Amino acid sequence: MAKAHQGVTPLGQGRYRVRTQVTHPKTGRRHEIDRQVEARSARDAARVLARLRADWLSSRGRAAAGGPARLRDALGAWYEEKKATIKPSTASTYGLAVERLTAVLGDYLVSELEPRDVRSMLLGSREGGYSHDYVSGWLRVLRTWAAETGNRHVTDGIRFVRPVEDEERVEDEGRGLSLDELRRFLEAGPELRTTKRGEVTLPWRRAWALVCTMAWTGLRFGEASALEWRDVDLAEGTIRVRRAQWRGIKGHVKARASKRTLVVPVDVVEVLREHRRALVAHQQTGCGSPLVFPSRRKGATYVSNIYPRKAVLAVCKAAGIDLDGRPAVHVTRHTFNNLLRQQASEIVRQSLVGHADEEVGKRYSAATMDEKRAAVGGVVRMVRGEEER
């Protein structure tokens, strides 16, 4: 009687059915190998089965070891704790990254997840149409998780470099307006919407007040939309940045270093003064709010980012400016930042734009109000063309 071999069933005429189950070394999932093979004997068929098993396992990494924790569970538990300690906007960014990471790598055992697995997922996402900024953001979130949970082996050695052609485009075109575009923008903006009598409409007056303030200060939208009148000193021409909002949720600014005092040009002071007068005189929606730029929508406290976006796009259209992929809302911040680079030291520039680097932020006290006024004054003269005369 022929010796039986586990997983081998004779089919006759030198054919055998070979079956076995294997465990995926990275996910712990069970997989069945079920083939019909030709062999001289059941023993040879058993050897074929052993080879099929070994080949399957070797193509999927080393044998499983360690605990059963999967990335989906580990990353999800970390995120649930993390989101209670970070800004709502940051929590949303983290949530999207966790969703994408777990969609591709969630079944992998944490102990078996390797940098090559992560790199493959990142490259596949970029080739699938996701932008470099999105994909590199996912990597930053995964690195944060790895560092905080003792799983640095997952991201060790991974470098995700922006494609050369993309880097050159950003380098050459920039993300802000050119000096000429900014001049046209500021010229077209104030009176873009007027009545038949030539008076600026009230809705546009308040929309331009927000856009103009962002353009001359480099404020992030979340910071500008959360400004309160107690933060604004029109007599001194300063604005204190102490808070931000995201989708109607008030919170802290992006980083400790983002708390700062800004110097605003005389033109912005006049725009804000007139904006405040008009709110009260015409009893506009939100006139009783402490916010500088209250929402006009019923039941809403803060304006949404759609509000300045529409305004910026309208001004760009009137001024003949093609943003060509540049961010509509954030373009004013990029523009102001670029102009400051030409007028101030790095410390002064960072103290005005609210650099997120905590170490750099510790040195902000070195930037005096006189230095800030000089830097902003230089930007104003540049925009007005006074330095070219």
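Please read all numbers here as calculations on a predicted model, not as lab measurements.
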* Is Ile158 reachable from Tyr108 through a run of I, L, V, M, F, W or Y residues, each pair having side-chain heavy atoms under 4.5 Å apart? -> yes

* Asked: Taking NZ, NE, NH1 and NH2 as the nitrogens, is one of them in Arg184 or Glu181 under 4.0 Å from a carboxylate oxygen of the other?
  -> no

For residues 277-285, which side-chain N or O atoms pair as donor and acceptor with protein atoms under 3.5 Å away, sequence neighbours left out?
unit_1: Arg277; atom_1: NE; unit_2: Glu274; atom_2: OE1; d: 3.0
unit_1: Arg277; atom_1: NE; unit_2: Glu274; atom_2: OE2; d: 3.3
unit_1: Arg277; atom_1: NH2; unit_2: Glu274; atom_2: OE2; d: 2.7
unit_1: Gln283; atom_1: NE2; unit_2: Val280; atom_2: O; d: 2.9
unit_1: Gln284; atom_1: OE1; unit_2: Arg206; atom_2: NH1; d: 3.2
unit_1: Gln284; atom_1: NE2; unit_2: Ala278; atom_2: O; d: 3.1

* Thr335 backbone acceptor or donor facing Asn337 side chain under 3.5 Å -> no

* Intermediate values then yes/no, side chain to side chain contact (heavy atoms under 4.5 Å, CB included), Lys372 and Met369 -> CA-CA 5 Å; Lys372 292 181 182 181; Met369 288 302 295; 3.9 Å; yes

* Is there a path of hydrophobic side-chain contacts, each under 4.5 Å between heavy atoms of I, L, V, M, F, W or Y residues, that connects Val292 with Trp246? -> no

* Between the side chains of Ser178 and Asp180, does any donor sit under 3.5 Å from an acceptor? -> no

* To do: Identify, with sequence neighbours excluded, every residue that meets salt bridge (Lys or Arg N to Asp or Glu O under 4.0 Å) alongside Glu81.
  => none

* **Side-chain touch Ser41/Asp44, heavy atoms, less than 4.5 angstrom** => yes

* Taking all non-hydrogen atoms of both residues into account, name the closest pair between Val141 and Ala97 and its distance. => CG2-CB, 3.7 Å

* **Close side-chain approach of Leu272 to Phe293, heavy-atom, < 4.5 Å** => yes

* Do Leu234 and Val232 come within less than 4.5 Å of each other through their side chains, counting heavy atoms only? -> yes

Would you give me the side-chain donor-acceptor pairs under 3.5 Å for residues 190-202, sequence neighbours excluded?
unit_1: Thr195; atom_1: OG1; unit_2: Arg197; atom_2: N; d: 3.3
unit_1: Thr195; atom_1: OG1; unit_2: Glu199; atom_2: N; d: 3.2
unit_1: Thr195; atom_1: OG1; unit_2: Glu199; atom_2: O; d: 3.4
unit_1: Thr201; atom_1: OG1; unit_2: Trp204; atom_2: N; d: 3.4

* Do Arg19 and Thr9 have side-chain atoms, one donor and one acceptor, less than 3.5 Å apart? -> no

* **Distance, nearest 0.5 Å, that separates CZ of Arg230 from CG of Leu291** => 10.0 Å

* Structure fact -> The salt bridge (Lys or Arg N to Asp or Glu O under 4.0 Å) partners of Arg273 (sequence neighbours excluded) come to Glu270

* To do: Please answer: with hydrophobic residues joined when any side-chain heavy atoms are less than 4.5 Å apart, are Leu182 and Val271 in the same cluster?
  => no

* Looking at residues at least two apart in the chain, or sitting in another chain, which of them share a salt bridge (Lys or Arg N to Asp or Glu O under 4.0 Å) with Glu99? -> none

* Say you draw a straight line from NZ of Lys259 to CZ of Arg240; how long is it, rounded to the nearest 0.5 Å? -> 9.5 Å

* Structure fact -> With sequence neighbours left out, the residues meeting side chain to side chain contact (heavy atoms under 4.5 Å, CB included) with Thr217 are Thr213, Leu219, Leu262, Val264

* **Note, Val331 side chain near Leu177 side chain (heavy atom, < 4.5 Å)** => yes

* So which pairs with a foot in residues 291-307 pass salt bridge (Lys or Arg N to Asp or Glu O under 4.0 Å), sequence neighbours left out? -> none

* **Minimum side-chain heavy-atom gap Thr261-Arg242 below 4.5 Å** => yes

* Asked: Counting only heavy atoms not in Arg152, do more than 12 sit closer than 6.0 Å to its CZ atom?
  -> no

* Does the pair Arg243 and Asp231 meet the rule for a side chain to side chain contact (heavy atoms under 4.5 Å, CB included), with working shown? -> CA-CA 10 Å; Arg243 72 197 69 79; Asp231 304 318; 2.6 Å; yes

* Val154 and Glu114: side chain to side chain contact (heavy atoms under 4.5 Å, CB included), yes or no, with the steps? -> CA-CA 5 Å; Val154 171; Glu114 299 178 74; over 6 Å; no

* Asked: Which pairs with one or both residues in residues 309-354 pass ring-ring contact (aromatic ring centres under 6.0 Å, His included), sequence neighbours excluded?
  -> His330-His334

* Would you please test Leu352 and Arg260 for side chain to side chain contact (heavy atoms under 4.5 Å, CB included) and show each step? => CA-CA 7 Å; Leu352 285 167; Arg260 60 202 187 277; 6.0 Å; no

* Do Arg326 and Ile321 touch side chain to side chain, with heavy atoms closer than 4.5 Å? -> yes

* Output the distance between atom CD (Gln36) and atom CD (Glu38), rounded to the nearest 0.5 Å. => 10.0 Å

* Structure fact -> Of all heavy-atom pairs linking Gly157 and Arg119, the shortest is O-NH2, 3.8 Å

* Measure the shortest side-chain to side-chain distance between Trp145 and Leu101 over non-hydrogen atoms and say whether it is less than 4.5 angstrom. => no

* Asked: Going by the side chain to side chain donor-acceptor pair (under 3.5 Å) test, which pairs reach into residues 302-314, not counting sequence neighbours?
  -> none

* Asked: Atom CG in Leu186, atom SG in Cys212: separation rounded to 0.5 Å?
  -> 7.0 Å

* **Tyr79 atom OH: more than 12 heavy-atom contacts under 6.0 Å** => yes

* What residues form a side chain to side chain contact (heavy atoms under 4.5 Å, CB included) with Val8, not counting sequence neighbours? -> His5, Tyr16, Val18, Ala42, Ala45, Ala46

* **Mutual orientation of the aromatic rings belonging to Phe185 and Trp208 [parallel < 30°, tilted 30-60°, perpendicular > 60°]** => tilted

* To do: If a pair satisfies ring-ring contact (aromatic ring centres under 6.0 Å, His included) and one of its residues is in residues 213-241, list it, with sequence neighbours excluded.
  => none

* Side-chain contact test, heavy atoms from C-beta onward, threshold under 4.5 Å: evaluate it for Leu313 versus Leu323 and give yes or no. => yes

* Asked: Which value, rounded to the nearest 0.5 Å, describes the distance between Leu105 atom CG and Ser120 atom OG?
  -> 8.5 Å

* **Ionic contact status for Arg143 with Asp156, cut-off 4.0 Å** => no

* Taking atom CD of Gln342 and atom CE of Met382, what is their separation to the nearest 0.5 Å? -> 4.5 Å

* Structure fact -> Hits for side chain to side chain contact (heavy atoms under 4.5 Å, CB included) against Glu236, two or more places apart or cross-chain, chain-then-number order -> Asp233, Thr238, Arg373

* Kindly say whether Arg220 contributes a backbone atom to a donor-acceptor pair with the side chain of Glu223 at under 3.5 angstrom? => yes

